[in-house]
Amino acid sequence: GNSVTQMEGPVTLSEEAFLTINCTYTATGYPSLFWYVQYPGEGLQLLLKATKADDKGSNKGFEATYRKETTSFHLEKGSVQVSDSAVYFCALSDRDTNAGKSTFGDGTTLTVKP
Amino acid sequence: EAQVTQNPRYLITVTGKKLTVTCSQNMNHEYMSWYRQDPGLGLRQIYYSMNVEVTDKGDVPEGYKVSRKEKRNFPLILESPSPNQTSLYFCASSLLGEADTQYFGPGTRLTVL
């Protein structure tokens, strides 16, 4: 079956530091890839997505590139802010044989200190 | 306002007492799904539905039932809850397509004693 492996957390950074959260996946088909963010006490919301190899998703200064050769979708931000403190989930949606199935990573908790 | 609503938001119950968590969306989405979130395990998919009267099992369907009689509603039913179903539950919906964003509800925190 499909799986998503995320960098273990928690991650603590100082404001303006560079952020990388690693995400690798295994999938039987050709999935779409997503990063979702969950702020305290809330549901998940989409941060960015990519549908095909070499696509780059970006939003709010965050970026991730769909790397089919390394089956990765690492999340990066050049300068984090305190307001970026949240839990980040990497996810994939299967579009082929298991259309409708979604697989999420375990989540990485990010804390940004002023 | 486009949204996914869940009720109740918090529920404490006892083992074996049937319960239903409702989920409703006002975006005319074909796809709806239920997840549970547990510490160290991330989000795991329980059931999903691609359209009215079409439902399929996710990765952890045991002990749960769902129905999709109307496009906007997708209730999650626990016929005989057990303590290992204590969790945070999220409902989500999306359009069907190549890379559709899922819109999540605010979550239901369930405790089974």
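It should be emphasised that the depicted structure is a prediction, and the values quoted were computed from it without experimental measurement. Labels below follow one simple rule: chain letters A, B, ... track the order of the sequence lines, proteins then strands, and each chain is numbered from 1.
Contact of A/Glu8 with chain B is not made at all, since no heavy-atom distance falls under 4.5 Å. B/Tyr103 does not touch chain A: none of its heavy atoms, backbone or side chain, sits under 4.5 Å away. Proximity to chain A (any heavy atom under 4.5 Å) is restricted, for B/Leu41, to the backbone atoms N, CA, C and O. No part of B/Gln6 comes within reach of chain A, as not one of its non-hydrogen atoms sits under 4.5 angstrom from that chain.
Relative to the ring axis of A/Tyr30, A/Lys68 places its NZ or CZ within 45° and under 6.0 Å from the centre.
Applying the salt bridge (charged side-chain N to carboxylate O under 4.0 Å, His left out) criterion to B/Lys65, with sequence neighbours excluded, gives B/Glu79.
Heavy-atom pairs under 4.5 Å with chain B were tallied for A/Leu33, A/Asp106, A/Val87; the largest tally goes to A/Asp106.
For A/Asp54 and A/Arg67, the salt-bridge test passes: some basic side-chain N is under 4.0 Å from an acidic carboxylate O. Using a 4.0 Å cut-off between a side-chain N of Lys or Arg and a carboxylate O of Asp or Glu, A/Glu63 and A/Lys56 qualify as a salt bridge.
Listed here is the closest heavy atom pair of A/Ala27 and A/Asn2: CA-OD1, 3.2 Å.
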